[in-house]
Amino acid sequence: MRSNCVAVLDVRSGGVCAIVGSRGVNNTFIIKSKYECAYDGFAEGEFIDEESFISAVRDVVRSTLTAGNGVKKFFIGVPGEFIKLLTVDKVLGFQSAKKITGADCRLLVDASVPDCGDDYRIIRHSNVYFVLSDKRKVINPVGETSDGLQGKTCFYACKTAFTSAVNKAFSKFGGIAEINFIPSDYAQAIYLVEEEKRDECAVLFDFGYISSSYSVVCGNGLLYNESFSIGVGHVAFYLMTELDIPYEVAKSLLSVVNLNAKEKLNSIEECVYEGKTYSFSTAKLRDIIREGLDGVCETIEECRRNFSGKNTDNKPLLVTGEGIKVIRGAVDHIAGRLVRGVEIVTPKVPYYDKPHFSSQLSLLHIALGDEN
């Protein structure tokens with residue numbers, strides 16, 4: 001592959017996407033190829049059908065290799081349901097005050113590595129912040145003078161069941177010499193959340209299809225990360241059960257109702273599926289969708305209560321993911337239900353400035369940084 005290109009596999013709960021891209025001007029991206037494939041997804045930290053996942057990965061990787069670009073390495077995004085976040089505080093003392101070097105930072109991290117158990121393996125670490133002897137918190141201590149160095153480090157441990165499934169999928173392609181894993185929630189936090197907001201802590205919610213994630217971002221890492229098997233697909237499922245309709249009809253109706261619109265009292269929505277017409281009151285559909293979203297809001301609120309660190313109640317909820325684009329008016333409903341500010345965050349690049357592209361470009365951003 002050309003030295004300025006990377007290949008990324010974005011694993012979502014509704015599908016996988018393989019992208020080959022490079023850095024463009026003004027922090028944009030040049031996409032060389034992109035292939036997507038749906039599969040059965042995952043829930044509760046396990047693939048619903050592992051063979052379905054493996055088949056989907058092989059499909060998009062095969063298409064990527066056929067397209068050329070000389071791909072020899074892939075960066076794999078790991079969803080939050082397969083990640084265990086471990087944060088460690090460690091102190092490194094010096095005999096006297098000295099200028100901090102990169103080697104000192106690496107020594108501190110090496111001394112902080114935790115035991116993650118047999119079912120997980122650490123795939124990455126990131127430094128939340130460092131503390132100098134004068135009690136100053138800094139993101140990068142290199143060049144500072146101190147007689148000691150304290151650091152809070154995040155370690156991201158991935159389920160070996162996930163890495164094994166990925167390795168099995170790639171075993172068919174002898175030309176791939178290297179596979180690297182990147183925690184998707186970490187990638188989105190670093191790429192989507194501005195550095196100034198990360199310095200003061202920020203809250204990021206990735207509203208997915210079957211699985212969603214709630215993260216508290218600080219510095220260059222995550223202080224809290226919780227994934228749960230609730231997404232926009234579950235709202236569609238709730239609509240399906242309440243109205244006793246096929247799931248495909250529920251998905252179609254979910255995408256046409258605007259929770260903020262004020263239609264006439266007799267307004268209806270229709271969907272034709274397999275020769276049959278389904279008609280429902282717009283007001284009734286809106287009420288059911290809101291009830292489905294309330295379940296998502298309750299889980300977000302539970303995550304807020306479970307985080308025992310810095311108070312984030314005054315921070316806006318930064319939302320991204322495919323779920324936000326499906327339900328029109330979802331942001332306003334979530335904001336009203338949680339009684340807090342809610343902001344959509346997306347990649348700041350033309351055409352790709354949509355929430356469903358967030359994980360793809362976030363992984364591409366981190367992978368390009370790793371390559372450089």
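Note that this is a predicted model, so its numbers are computed, not measured.
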Any side-chain heavy-atom pair of Gln360 and Val8 under 4.5 Å: no
No-hydrogen, no-angle side-chain donor-acceptor test under 3.5 Å, Thr346 and Asp353: no
Salt bridge Lys159-Glu81, side-chain N to carboxylate O under 4.0 Å: no
With hydrophobic residues grouped by side-chain heavy-atom distances under 4.5 Å, do Tyr273 and Val256 end up in a single group? yes
Count the heavy atoms of every other residue, nucleotide or ligand shown that sit under 6.0 Å from NZ of Lys315, and state whether that count exceeds 12. yes
Tyr156-Tyr186 aromatic ring centre distance below 6.0 Å: yes
Does a side chain donor of either Ser146 or Ser133 reach within less than 3.5 Å of an acceptor in the other side chain? yes
Taking atom types as modelled, find out whether Asp185 and Ser213 have a side-chain donor-acceptor pair closer than 3.5 angstrom. yes
Within the 3.5 Å criterion, strictly below it, is a donor on Asn260 or His333 matched to an acceptor on the partner's side chain? no
Lys34 side chain reached by Ile19 side chain, heavy atoms, under 4.5 Å: yes
Do NZ/NE/NH1/NH2 and the carboxylate oxygens of Arg337 and Asp294 come within less than 4.0 Å? yes
Phe170 vs Phe74, ring pair (Phe, Tyr, Trp, His ring centres under 6.0 Å): CA-CA, chis, key distance, verdict: CA-CA 10 Å; Phe170 275 86; Phe74 255 93; 5.2 Å; yes
Could you tell me whether Arg286 and Glu269 have a side-chain N and a carboxylate O separated by less than 4.0 Å? no
Would a 4.5 Å heavy-atom cut-off, applied to side chains only, mark Leu86 and Cys154 as touching? no
If we count only N and O atoms by modelled type, under 3.5 Å, do the side chains of Glu270 and Tyr278 hold a donor and an acceptor together? no
Val217 side chain near Leu223 side chain, heavy-atom distance below 4.5 Å: no
I'd like to know whether Glu226 forms a salt bridge (Lys or Arg N to Asp or Glu O under 4.0 Å) with Arg304, so could you lay out the CA-CA distance, the side-chain angles of the two residues, the decisive distance to 0.1 Å, and finally the verdict. CA-CA 10 Å; Glu226 186 71 29; Arg304 183 195 66 81; over 6 Å; no
Ring pair (Phe, Tyr, Trp, His ring centres under 6.0 Å) between Tyr214 and Phe207, intermediate numbers included: CA-CA 9 Å; Tyr214 178 100; Phe207 190 14; over 10 Å; no
Are Glu302 and Arg305 within salt-bridge range, i.e. N to O under 4.0 Å? no
In Lys137, Lys99, Arg136, the residue satisfying salt bridge (Lys or Arg N to Asp or Glu O under 4.0 Å) with Glu144 is Arg136
Do the numbers put Lys98 on top of the ring of Phe94, so that NZ or CZ is under 6.0 Å from the six-membered ring centre and no more than 45° off the axis? yes
With side chains defined as the heavy atoms from C-beta onward, is the minimum distance between Ile182 and Ile76 less than 4.5 Å? no
Do Ser52 and Phe47 have side chains that get closer than 4.5 Å, going by heavy atoms? no
Ion pair Arg12/Glu322, N-O distance below 4.0 Å: yes
Is it the case that the side chains of Thr101 and Asp104 hold a donor-acceptor pair, with the cut-off being a distance below 3.5 Å and no angle test? yes
Is a side-chain donor-acceptor pair under 3.5 Å present for Asn127 with Asn220? no
Are the side chains of Tyr35 and Cys17 in contact, using a 4.5 Å heavy-atom criterion? no
Under a 4.0 Å N-O cut-off, is there an ion pair linking Glu371 with Lys73? yes
Determine, stepwise, if the pair Ser359 / Asp10 fulfils side-chain hydrogen bond (donor to acceptor under 3.5 Å, both in side chains). CA-CA 7 Å; Ser359 58; Asp10 181 28; 2.7 Å; yes
Would you check if Leu9 and Val11 make a side-chain contact, meaning some heavy-atom pair closer than 4.5 Å? yes
Are Asp370 and Arg124 within salt-bridge range, i.e. N to O under 4.0 Å? yes
side-chain hydrogen bond (donor to acceptor under 3.5 Å, both in side chains) evaluation trace for Ser212 with Asp206: CA-CA 5 Å; Ser212 302; Asp206 179 3; over 6 Å; no
Phe280 and side-chain contact (heavy atoms from CB on, under 4.5 Å): which single residue from Ile268, Leu239, Ile245 fits? Ile245
